[in-house]
Amino acid sequence: MTVRRSHVALHCAAVLLGAGSLLVTFLTGIEDRPVALAFGVLVAVGELTRPQSGPRLREAAPLGAAGSLSYALVGGHAGHPTHHGVTQVVAVVAAVSLLGSVPQLARGQAVLDHLVRRVLAVGFAAVCFQPLHNRGVFDGWSGPAYALLLLALLVLTVLCDAVVAAALAHSRTGWPFAPLLRDELRAVPGIGSAVCATGAVMALAVAVVGLWALPVFSVPLLLTQLSLRRYAAVRATYRQTIASLARATEIAGYTPAGHARRVAALSQAVGRDLGLPEPELTVLEYAALMHDIGQLSLVDPVPAGATAGLPAAQQRRIALLGGAVVRQTGAGAQVAAVVERQADPYPEQPVAARIVRVVNAYEEKVRGSGPGGPLTALEELRLGTGGEYAPEVVEALARVVWNTGAARWGNPRASAPGEPRAGWCRTTGGTV
């Protein structure tokens, strides 16, 4: 409930800030209209050229972000001081960001979190700069000192935006906050540095040479944004190829329909619970999708594709065959290594291989079981933590099953998501 409240609080703060700014701007009028119009067009173009489906991109609209932050920090126009305040900055950015998101809203894509982040980040930067600038506090700042001031404010804004992004993701998914914040902060030196540098240069250039600086300095970020669109398309195609390869065992009758997809989804949830960073989660997802592909080399299929009950030597043989196949697909050496080592003793396994092994065994045990299937499967996995399954992974799996509901992970007759079943009990770690 606390997690949900933080999500509502952030959305309400953005709505109140945007609506209040629009009302004040409507009542008081717009200062420096050419400047507002130029930055509004720039931000709208940045939003309109966002990728249609972001494959976990940290900043899908760098041009819109740089233009918004630059408008919040611009203090002059062609040698003349500007007089727009915080409310006008937020009102212009909120209005054009919403307008630029109309095509994505029409396609049913989720953009609310993106708009919340944009409004809160621009409001923070404008509050830090515009009141002090309008009072003449920065009149004595010039040259490198003024440029460093803008860069410092932009870096501080990007860091605050990372905290808001992690909080929104945490409240929406329930995943641990610390790993989400770590992933957001790791992305700051990448596209975040380009956004900060371009935003600062735009604000300085507009103050000196006027609005002609905007199209000149927005070209590099526009090209970067177009590259992000192509990257998004390539990554989506690559993932679809991996998923299609994973379905080969199902089409050939070696594994039940949907088994690889269920193992991949639950493995990612367990990996997030254990705090794995985003790159390792991607490797984990691909390895989980293809963990059974070695069965294609068997003359006689394993009954129901259930490999968890096979002798250890046969499990390792299937895993090694699968790793050899994965190495030929171009999925990457890390993915192949996880597939190869999924049947090794858990103290010798990488974390991703431990997760795939536990989740695969759980999915096989609950498949077609009765209402008590998840509880029985977890008890059997706990009994195997003496040497077969990693204890921390089993406990993480129990937390995920408890928090998200047994019905979602393999037992359609169990309780609804989020509702604990009779007979389940919490431990000190919130597990069952």
*Asks:* Mind checking whether S97 and V119 have side chains closer than 4.5 Å, heavy atoms only?
*Replies:*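 S97 vs V119: side chains apart.
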
*Asks:* Drop me the distance from R247's CZ to I293's CD1, to the nearest 0.5 angstrom.
*Replies:*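 With rounding to 0.5 Å, CZ (R247) is 13.0 Å from CD1 (I293).
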
*Asks:* Tell me, do P215 and V219 make a side-chain contact under 4.5 Å, heavy atoms counted?
*Replies:*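 The answer is no; the side chains never approach within 4.5 Å.
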
*Asks:* Where is the tightest heavy-atom contact between G67 and F39, given as atom of each residue plus distance?
*Replies:*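 Scanning both residues, the minimum pair turns out to be O-CD2, 3.5 Å.
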
*Asks:* What heavy-atom pair brings L151 and A200 nearest, and what distance separates the two atoms?
*Replies:*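 Looks like CD2-CB, 3.9 Å.
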
*Asks:* Can you tell me how far apart CG (L321) and CZ (R316) are? Round to the nearest 0.5 Å.
*Replies:*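 These two atoms lie 14.0 Å from each other.
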
*Asks:* Ignoring hydrogens and geometry beyond distance, is a side-chain donor-acceptor pair present between S21 and T87 at under 3.5 Å?
*Replies:*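 No donor-acceptor contact under 3.5 Å links the two side chains.
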
*Asks:* Which atom names give the shortest non-hydrogen contact between Q88 and A36, and what distance separates them?
*Replies:*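 Looking at all heavy atoms of both residues, the closest pair is NE2-CB, 3.9 Å.
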
*Asks:* Give a yes or no answer on whether the side chain of Q349 reaches the backbone of Q342 with a donor-acceptor pair at less than 3.5 Å.
*Replies:*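 Yes.
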
*Asks:* For a side chain to side chain contact (heavy atoms under 4.5 Å, CB included) check, start with the C-alpha distance between S171 and L10, then their side-chain angles and the critical distance, and finish with the verdict.
*Replies:* CA-CA 10 Å; S171 60; L10 288 171; 5.5 Å; no

*Asks:* Are a donor atom and an acceptor atom from the side chains of H114 and E47 found within less than 3.5 Å of each other?
*Replies:*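 Yes, a side-chain donor-acceptor pair sits under 3.5 Å.
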
*Asks:* Is any side-chain heavy atom of Y346 closer than 4.5 Å to one of Y389?
*Replies:*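 No, every pair of side-chain atoms sits at 4.5 Å or beyond.
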
*Asks:* Taking all heavy atoms of R235 and all of T282, pick out the closest pair and write down the distance.
*Replies:*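 For R235 and T282, the tightest heavy-atom pair comes out as NH2-OG1, 3.6 Å.
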
*Asks:* Do L105 and V111 make a side-chain contact, defined as non-hydrogen atoms from C-beta onward lying under 4.5 Å apart?
*Replies:*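 Yes, close enough: below the 4.5 Å cut-off.
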
*Asks:* Under the 3.5 angstrom rule, does the side chain of E388 hit a backbone N or O of P345 as a donor-acceptor pair?
*Replies:*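 No; zero donor-acceptor contacts below 3.5 Å.
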
*Asks:* Distance from T237 atom OG1 to I242 atom CD1, nearest 0.5 Å?
*Replies:*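 Taking OG1 in T237 and CD1 in I242, the distance rounds to 12.0 Å.
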
*Asks:* Is the number of heavy atoms from other residues, nucleotides or ligands within 6.0 Å of CD (E392) greater than 12?
*Replies:*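 For E392, atom CD is crowded (more than 12 foreign heavy atoms under 6.0 Å).
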
*Asks:* Would you compute the distance between atom CG of L211 and atom CE of M202 and round it to the nearest 0.5 angstrom?
*Replies:*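 Answer for the CG-CE pair, L211 versus M202, is 11.5 Å.
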
*Asks:* Any Lys/Arg nitrogen of E340 or R327 sitting under 4.0 Å from an Asp/Glu carboxylate oxygen of the other?
*Replies:*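 A salt bridge is present here (some side-chain N lies under 4.0 Å from a carboxylate O).
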
*Asks:* Do the side chain of R182 and the main chain of G275 share a donor and acceptor less than 3.5 angstrom apart?
*Replies:*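 Pair found, side chain donor or acceptor close to backbone of G275.
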
*Asks:* For G100 and P103, work out which heavy atoms get closest and say how close.
*Replies:*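 Minimum heavy-atom contact is O-CD, 3.5 Å.
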
*Asks:* List the steps and the verdict of ring-ring contact (aromatic ring centres under 6.0 Å, His included) for Y238 and Y286.
*Replies:* CA-CA 10 Å; Y238 181 72; Y286 292 166; 5.5 Å; yes

*Asks:* Would you indicate whether the side-chain heavy atoms of L381 and K365 approach each other to under 4.5 Å?
*Replies:*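 In contact.
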
*Asks:* Do H11 and L112 have side chains that approach each other closer than 4.5 Å (heavy atoms only, starting at C-beta)?
*Replies:*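 Result yes, sub-4.5 Å side-chain heavy-atom pair found.
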
*Asks:* Would you check if there is a donor-acceptor pair between the side chains of H259 and H291 at a distance under 3.5 Å?
*Replies:*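 Checked: H291/H259 side chains pair up, N/O donor to acceptor below 3.5 Å.
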
*Asks:* If we only count heavy atoms from C-beta on, is the L266 to L397 side-chain gap below 4.5 Å?
*Replies:*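 When only atoms from C-beta onward are counted, L397 and L266 do touch, with a gap below 4.5 Å.
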
*Asks:* Report yes or no: do H84 and N134 form a side-chain donor-acceptor pair below 3.5 Å?
*Replies:*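 Per modelled atom types, H84 and N134 side chains form no pair under 3.5 Å.
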
*Asks:* R272 and side chain to side chain contact (heavy atoms under 4.5 Å, CB included): which partner among L284, V400, L180?
*Replies:*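 Going through L284, V400, L180 one by one, the side chain to side chain contact (heavy atoms under 4.5 Å, CB included) with R272 is satisfied by L180 alone.
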
*Asks:* Roughly how far, to the nearest 0.5 Å, is the CZ atom of R118 from the CG atom of D161?
*Replies:*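 Separation between the atoms: 8.0 Å.
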
*Asks:* Using only heavy-atom distances, determine whether the side chains of Q295 and D292 contain a donor-acceptor pair under 3.5 Å.
*Replies:*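 Checked: Q295/D292 side chains pair up, N/O donor to acceptor below 3.5 Å.
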
*Asks:* Which pair of heavy atoms, one from F129 and one from V74, lies closest together, and at what distance?
*Replies:*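 Closest heavy-atom pair between F129 and V74: CE2-O, 3.8 Å.
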
*Asks:* Does a side-chain N-to-carboxylate-O contact under 4.0 Å join E348 and R354?
*Replies:*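 Salt bridge flag = no for R354 with E348.
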
*Asks:* Between E285 and S267, does a side chain to side chain contact (heavy atoms under 4.5 Å, CB included) hold up when you go through it step by step?
*Replies:* CA-CA 7 Å; E285 179 190 11; S267 293; over 6 Å; no

*Asks:* Is there a side chain to side chain contact (heavy atoms under 4.5 Å, CB included) between R33 and I30? Walk through the geometry before answering.
*Replies:* CA-CA 6 Å; R33 294 190 178 190; I30 299 179; 4.0 Å; yes

*Asks:* Apply the test side chain to side chain contact (heavy atoms under 4.5 Å, CB included) to residues L159 and L185: give CA-CA distance (whole Å), side-chain angles for both, the deciding distance (0.1 Å), then the verdict.
*Replies:* CA-CA 7 Å; L159 292 178; L185 293 177; 3.9 Å; yes

*Asks:* Compare all side-chain heavy atoms of P256 with those of E250 and state whether any distance is below 4.5 angstrom.
*Replies:*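 No, side chains not in contact.
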
*Asks:* Supply the atom-to-atom distance H83 NE2 to E31 CD, rounded to the nearest 0.5 angstrom.
*Replies:*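 So the NE2 of H83 and the CD of E31 are separated by 7.5 Å.
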
